[in-house]
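One structure is given here, and the rest of the page talks about it.
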Protein chains: 2
Amino acid sequence: MSRASDRAYSTIREMIVSGELAPGDSLREEALAEICDVSRTPVREALRRLEADMLIHKTESQRSYVADWSLDDIGDAFELRAMLEGHAARRAAKRIDDATLQALRECNARIGKAVIASPPDVDGFLELNREFHALILETAESRRLTGLLTALIEQPVVWRTAHHYGKDELRRSHQEHDELLAAFARGDGAWAESIMAGHIRRAFHAYADAHRGLTAIHSAGGKKQA
Amino acid sequence: MSRASDRAYSTIREMIVSGELAPGDSLREEALAEICDVSRTPVREALRRLEADMLIHKTESQRSYVADWSLDDIGDAFELRAMLEGHAARRAAKRIDDATLQALRECNARIGKAVIASPPDVDGFLELNREFHALILETAESRRLTGLLTALIEQPVVWRTAHHYGKDELRRSHQEHDELLAAFARGDGAWAESIMAGHIRRAFHAYADAHRGLTAIHSAGGKKQA
DNA sequence: GCGCTTCTTATTGTATACAAAATTGCGCAG
DNA sequence: CTGCGCAATTTTGTATACAATAAGAAGCGC
């Protein structure tokens with residue numbers, strides 16, 4: 001993390017995720033280099049990584065822009081996530097040991113605490129939720145699956161909109177994690193897969209509803225739909 | 001493709017896929033730069049891309065080595081491919097139009113020709129097969145799915161071992177494509193998904209059988225395996 | 001002789017300078 | 001006024017030089 005290219009990556013990434021850089025904004029290497037206080041070389045490496053993450057997009061003439069996400073694209077990403085995380089849960093159910101199961105239980109207990117707080121600790125929830133899913137992914141023991149999923153998990157939209165989660169959705173999420181733990185305890189891969197897939201799909205619809213609400217407000221004028 | 005970094009990427013990639021660089025071999029940037037007749041800068045970009053493809057592997061001290069593939073890893077990759085290509089087939093079945101269907105039919109007809117030739121035109125088969133699957137993937141209309149799959153499709157092992165395909169396996173493959181076309185013609189996504197998943201899994205077992213045969217032979221003499 | 005430290009060397013990371021390519025803006029002809 | 005084409009400027013791609021860091025080798029004490 002102390003390396004310049006890592007700093008550049010984190011910095012630019014954060015600017016995109018936070019919305020400081022809006023979808024469609026152009027990314028000029030020199031400008032980014034100055035912002036990150038490094039030279040263009042590490043910036044270029046960072047841009048490569050961000051492109052692989054699909055957070056940015058290069059035109060045919062090699063200029064970089066912040067990727068814009070249609071609702072379709074987002075639905076797409078969630079669909080893939082549901083499938084892949086479901087697969088991860090199935091594999092994890094077959095491989096999990098007692099120590100890991102216990103760790104997951106503790107993690108979800110802390111999620112429960114974040115959820116029942118008033119007001120709910122959404123940031124804490126997000127961090128713990130991330131930890132919970134990461135642990136399952138690790139237990140699935142598939143380097144390739146991990147590689148594919150990390151690209152999908154780190155989505156700007158998700159993080160921005162998760163803050164719109166209501167108390168009900170947070171509790172529901174916590175509850176689904178518990179069901180997942182039950183499936184793990186029994187080593188029932190198919191069950192775990194079903195729950196996980198549903199868990200992700202629910203998250204998508206929660207997002208889509210919030211999004212529709214937002215765009216309904218914004219789009220009094222009109223929509224850029226193709 | 002005329003860019004130096006693309007040349008470096010193709011060159012190094014080809015060396016790995018062909019086996020000229022064996023799993024575990026170290027990749028020194030300067031040496032590669034000389035081989036590719038470019039400077040280290042584009043080589044570094046190429047290495048990044050190859051790392052994303054999981055064809056190479058970086059140690060904690062940032063040195064690069066050709067990735068070695070255990071049979072488990074390969075099975076893993078095929079499993080993910082089966083799932084994702086199955087998903088692609090399902091989506092494609094819902095979206096396909098007559099022109100694309102016709103194009104797929106013609107492609108598979110040419111595959112048929114390559115298969116019945118004696119000796120079978122394996123290189124032609126591979127290229128057409130790639131085209132066939134690419135067309136389906138395109139029809140699935142999911143940029144993210146495309147992104148995830150391209151990483152999985154371009155595997156060195158697959159290409160090296162496909163040459164071991166017997167006439168039966170080639171014919172079987174051609175036949176499965178025909179079934180897929182039937183599913184597409186009826187817009188039956190679930191059917192298409194089943195066939196595609198089976199198609200990929202069959203390919204894996206064909207590989208695994210060949211691999212077991214090969215390692216049995218090799219391990220009699222003794223290999224430089226670490 | 002063995003283990004530790006330190007110095008040397010090899011390799012990667014970063015910065016900068018230069019080359020190539022592309023976009024933009026201007027000028028000019030129609 | 002519009003469309004085309006050229007040139008000026010901006011932006012990206014590549015090469016090279018230098019700095020930082022990790023591996024390897026030699027020296028030293030025990």
Side-chain angles (χ1 to χ4, degrees), chain A residues 1-16 20-68 143 147 150 224, chain B residues 1-16 20-68 143 147 150 224-226:
Chain A
M1 185 50 133
S2 69
R3 279 179 160 56
S5 67
D6 293 333
R7 251 197 345 238
Y9 175 77
S10 304
T11 305
I12 299 169
R13 185 173 202 298
E14 199 51 39
M15 289 174 73
I16 294 174
E20 187 175 346
L21 287 170
D25 280 4
S26 77
L27 299 165
R28 290 180 338 289
E29 293 174 357
E30 206 172 351
L32 293 172
E34 194 168 341
I35 291 171
C36 303
D37 196 38
V38 297
S39 82
R40 271 181 54 213
T41 309
V43 167
R44 285 174 64 81
E45 287 216 13
L47 289 180
R48 273 273 193 221
R49 286 168 64 183
L50 291 164
E51 192 190 359
D53 292 349
M54 294 186 90
L55 259 62
I56 72 175
H57 158 260
K58 280 194 162 184
T59 66
E60 68 287 345
S61 65
Q62 310 298 342
R63 277 165 169 73
S64 300
Y65 297 88
V66 178
D68 62 337
R143 289 211 322 273
T150 43
K224 57 178 176 187
Chain B
M1 183 50 133
S2 70
R3 277 179 159 57
S5 67
D6 293 332
R7 248 197 346 239
Y9 175 77
S10 303
T11 305
I12 300 168
R13 183 170 204 297
E14 198 53 38
M15 288 174 74
I16 295 173
E20 188 175 344
L21 287 169
D25 280 4
S26 77
L27 299 165
R28 292 185 330 293
E29 294 175 357
E30 206 173 350
L32 293 172
E34 195 168 341
I35 291 171
C36 302
D37 195 38
V38 296
S39 84
R40 271 181 55 215
T41 309
V43 167
R44 283 174 65 80
E45 285 216 16
L47 289 179
R48 277 278 195 218
R49 285 168 66 185
L50 290 164
E51 193 190 359
D53 292 349
M54 295 187 90
L55 259 63
I56 73 175
H57 159 259
K58 281 194 162 186
T59 66
E60 67 287 347
S61 67
Q62 310 297 340
R63 278 167 170 71
S64 301
Y65 297 88
V66 178
D68 61 339
R143 291 211 322 272
T150 44
K224 55 174 180 185
Q225 191 64 6

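Order of the sequence lines fixes the chain letters, A, B, ..., with proteins taken first and strands second; residue numbering starts at 1 for each chain. These numbers come from a predicted model, not from an experiment.
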Distance in angstrom units between B:R44 CZ and D:dG13 P, rounded
16 Å

Toward the 5' end of DNA chain D, which comes first, A:L27 or B:E60, by nearest nucleotide?
A:L27

Taking B:R48 first and then B:E51, would you say they form a salt bridge - that is, a charged N and a carboxylate O separated by under 4.0 Å?
yes

B:R63 or A:S39, whichever maps to the more 5' nucleotide of DNA chain C:
B:R63

Would you indicate, yes or no, if C:dA15 has its OP1 or OP2 atom less than 4.0 angstrom from a side-chain nitrogen or oxygen of A:R40?
no

Identify which nucleotide among C:dT14, D:dT16, D:dT12 has an atom closest to any side-chain atom of B:T41, counting heavy atoms from C-beta outward.
D:dT16

Are OP1 or OP2 of C:dT11 and a side-chain N or O of B:R28 less than 4.0 angstrom apart?
yes

At their closest point, which heavy atom of B:L27 faces which heavy atom of B:Y65, and how far apart are they?
CD1-C, 4.1 Å

Pair B:Y9, B:V43 - check side chain to side chain contact (heavy atoms under 4.5 Å, CB included), show working.
CA-CA 7 Å; B:Y9 175 77; B:V43 167; over 6 Å; no

Kindly say if B:S61 contacts the phosphate of D:dA22, meaning a side-chain N or O under 4.0 Å from OP1 or OP2.
no

Where the side chain of A:V38 is concerned, which of C:dA15, C:dT23, D:dA15 is the nearest nucleotide?
C:dA15

Starting at atom CZ of A:R7, determine the distance to atom C1' of D:dA20, rounded to an integer number of angstrom.
14 Å

The residue, A:T59 or A:S5, whose nearest nucleotide of DNA chain C is more 5′ is A:S5

Between CG of A:D6 and C1' of C:dT14 the distance, given in whole Å, is 13 Å

Measure CD/B:E29 against C1'/D:dA19 and give the value in whole Å, please.
15 Å

Please report the distance, rounded to the nearest Å, between CD in B:E30 and P in C:dA10.
10 Å

Taking atom C1' of D:dT11 as reference, at what distance in whole Å does atom CD of A:E34 sit?
15 Å

Short N-O contact, B:R40 and B:E30, less than 4.0 angstrom
no

Mind calculating the distance between OH (B:Y65) and C1' (C:dT11) to the nearest angstrom?
10 Å

Below the 4.0 Å mark, does D:dT21 have OP1 or OP2 next to a side-chain nitrogen or oxygen of B:Q62?
no

Nearest-Å distance, CG (B:L32) to C1' (C:dT12)?
13 Å

One thing to verify: whether B:D6 and B:R49 come together as a salt bridge, which I'm taking to mean a side-chain N less than 4.0 angstrom from a carboxylate O.
yes

